[in-house]
Amino acid sequence: PKMRHDTVLKAFKAVMDKSNCELVLIFRRFGSFSTAFEDEMRKLAEELGISESVVWLDKMDYKEIPVLYSLADVVVNVPEQDGLPVTLLEVSACKTPVVTSDLPPYQEFLSDGAYVRVRTWDVEGIVTAIQFVLKKSHEQLVEDLEINYDLILQRAEQTKCFSVMENIYQEAQRTVL
């Protein structure tokens, strides 16, 4: 529920209503994704008349996730809370556009990147953001994705982060001893 699948479904319905293209929404099961919650979201998709355009993927090996992100025209990531912007980082590393929540843990990236930010509960804002991304020129899209990719390399590259964490732990150990 904290990932706001209901809001994404409603926004997707609105985008579909305003588009003359065939669209597909893909949800990937992960973590403690419950059957009851999925059933509730499937029911909502049915009520919205979009169930034929919504695909539910089983849990995936993490090595397959970049392929999924790279195939997307846009990834919508609108959690109501999040401690670490893993999806934002992964999508940016795949050079795929992302519409994302304007959460405090994301600010380090959102303030300097070319991200499209929305309020988690704002269906119409999400619709507008998706349309904005899809209407960008190829040149502008490539430029924005390079900005985001470079930002991720500078601030979130795994070996750099691990090195920083290792230094913090070593300093803490020296302080304790």
Side-chain angles (χ1 to χ4, degrees), residues 2-31 33 38 41-42 44-80 82 84-103 106 109-153 155-156:
K2 74 174 188 165
M3 301 308 281
R4 305 308 321 164
H5 292 82
D6 57 334
T7 304
V8 174
L9 284 166
K10 292 172 187 173
F12 181 72
K13 163 67 171 155
V15 171
M16 282 186 72
D17 287 348
K18 297 176 182 183
S19 175
N20 58 0
C21 299
E22 184 177 340
L23 303 173
V24 177
L25 175 64
I26 299 173
F27 285 126
R28 178 181 63 88
R29 294 177 189 97
F30 65 96
F33 204 90
E38 181 177 331
M41 293 301 101
R42 283 180 182 269
L44 177 58
E46 187 71 38
E47 290 169 2
L48 294 169
I50 61 172
S51 60
E52 295 296 317
S53 298
V54 180
V55 176
W56 298 84
L57 296 179
D58 288 324
K59 292 180 181 179
M60 302 173 72
D61 185 286
Y62 280 108
K63 293 176 184 174
E64 297 173 339
I65 294 172
V67 174
L68 185 63
Y69 288 149
S70 296
L71 291 172
D73 291 318
V74 61
V75 172
V76 179
N77 175 52
V78 291
E80 60 190 52
D82 200 356
L84 182 65
V86 174
T87 300
L88 182 69
L89 300 176
E90 291 172 339
V91 173
S92 298
C94 292
K95 297 185 181 179
T96 299
V98 61
V99 171
T100 192
S101 297
D102 196 6
L103 296 175
Y106 292 16
F109 302 100
L110 296 178
S111 61
D112 294 329
Y115 296 100
V116 182
R117 305 176 220 185
V118 295
R119 290 192 174 98
T120 299
W121 303 89
D122 183 6
V123 172
E124 193 53 43
I126 294 168
V127 170
T128 301
I130 292 169
Q131 291 173 321
F132 174 75
V133 169
L134 295 176
K135 289 179 181 177
K136 282 187 179 187
S137 70
H138 177 72
E139 293 78 17
Q140 183 62 55
L141 193 57
V142 168
E143 183 180 323
D144 289 351
L145 296 175
E146 284 298 327
I147 289 169
N148 296 345
Y149 180 78
D150 290 343
L151 184 64
I152 297 308
L153 285 181
R155 298 189 185 166

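Note that this is a predicted model, so its numbers are computed, not measured.
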Colleague: Identify the heavy atoms of Ser92 and Ile152 that sit nearest to each other, and give their distance.
Modeller: CB-CG1, 3.3 Å

Colleague: Kindly compute the distance separating SG (Cys94) from CG (Leu89), expressed to the nearest 0.5 Å.
Modeller: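 These two atoms lie 11.0 Å from each other.
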
Colleague: Using every non-hydrogen atom in the two residues, find where Arg4 and Thr120 come nearest and quote the distance to one decimal.
Modeller: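 The pair with the smallest heavy-atom distance is CG-CG2, 3.1 Å.
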
Colleague: Applying salt bridge (charged side-chain N to carboxylate O under 4.0 Å, His left out), name anything that partners Arg42, two or more places apart in sequence or on another chain.
Modeller: Glu38

Colleague: My understanding is that only residues two or more places apart in sequence, or in another chain, count here; which of them pass salt bridge (charged side-chain N to carboxylate O under 4.0 Å, His left out) with Lys10?
Modeller: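 Once residues adjacent in sequence are excluded, Lys10 has no partner under the salt bridge (charged side-chain N to carboxylate O under 4.0 Å, His left out) criterion.
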
Colleague: Could I get the full list of side chain to side chain donor-acceptor pair (under 3.5 Å) partners for Asp58, not counting sequence neighbours?
Modeller: Arg29

Colleague: Please tabulate, for side-chain N and O atoms in residues 122-135, each donor-acceptor pair with protein atoms closer than 3.5 Å (sequence neighbours left out).
Modeller:
unit_1: Asp122; atom_1: OD1; unit_2: Glu124; atom_2: N; d: 3.4
unit_1: Asp122; atom_1: OD1; unit_2: Gly125; atom_2: N; d: 2.9
unit_1: Glu124; atom_1: OE2; unit_2: Lys18; atom_2: NZ; d: 3.2
unit_1: Thr128; atom_1: OG1; unit_2: Glu124; atom_2: O; d: 3.0

Colleague: Just verifying a value: how many Å separate Ser53 OG and Leu25 CG, rounded to the nearest 0.5 Å?
Modeller: 8.5 Å

Colleague: With sequence neighbours left out, what residues match Gln140 under side chain to side chain contact (heavy atoms under 4.5 Å, CB included)?
Modeller: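 Per chain and number, Gln140 pairs via side chain to side chain contact (heavy atoms under 4.5 Å, CB included) with Lys136, Ser137, Glu143, Asp144.
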
Colleague: Identify the heavy atoms of Asp102 and Arg117 that sit nearest to each other, and give their distance.
Modeller: OD1-CD, 3.6 Å

Colleague: Nearest 0.5 Å please: distance from the OH atom of Tyr115 over to the OG atom of Ser101.
Modeller: 14.0 Å

Colleague: If you round to the nearest 0.5 Å, how far is CG of Leu141 from NZ of Lys95?
Modeller: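 Result: 12.0 Å between the selected atoms.
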
Colleague: Could you list the residues that satisfy side chain to side chain donor-acceptor pair (under 3.5 Å) with Thr7, not counting sequence neighbours?
Modeller: none

Colleague: Table please: side-chain donor-acceptor pairs of residues 62-75 below 3.5 Å, with sequence neighbours left out.
Modeller:
unit_1: Tyr69; atom_1: OH; unit_2: Glu90; atom_2: OE1; d: 3.4
unit_1: Ser70; atom_1: OG; unit_2: Pro66; atom_2: O; d: 2.8

Colleague: The criterion is side chain to side chain contact (heavy atoms under 4.5 Å, CB included); which residues satisfy it with Asp17, sequence neighbours excluded?
Modeller: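 Result, side chain to side chain contact (heavy atoms under 4.5 Å, CB included) vs Asp17: Lys13.
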
Colleague: Can you pull the salt bridge (charged side-chain N to carboxylate O under 4.0 Å, His left out) pairs that have at least one residue in residues 48-57, sequence neighbours excluded?
Modeller: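 Every candidate salt bridge (charged side-chain N to carboxylate O under 4.0 Å, His left out) pair involving residues 48-57 fails, so no pair, neighbours aside, qualifies.
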
Colleague: Mind telling me whether Phe27 and Trp56 have parallel, tilted or perpendicular rings, with 30° and 60° as the class edges?
Modeller: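 If you compare the ring of Trp56 with that of Phe27, the planes turn out tilted.
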
Colleague: Run the side chain to side chain contact (heavy atoms under 4.5 Å, CB included) test against Tyr106 and tell me which residues pass, sequence neighbours left out.
Modeller: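 Result, side chain to side chain contact (heavy atoms under 4.5 Å, CB included) vs Tyr106: Asn77, Pro79, Asp82, Pro85, Leu88, Thr100, Leu103, Leu110.
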
Colleague: Which pairs would a plain distance check flag for residues 44-51, meaning a side-chain donor or acceptor within less than 3.5 Å of a matching protein atom at least two apart in sequence or in another chain?
Modeller:
unit_1: Glu46; atom_1: OE1; unit_2: Ser51; atom_2: OG; d: 3.0

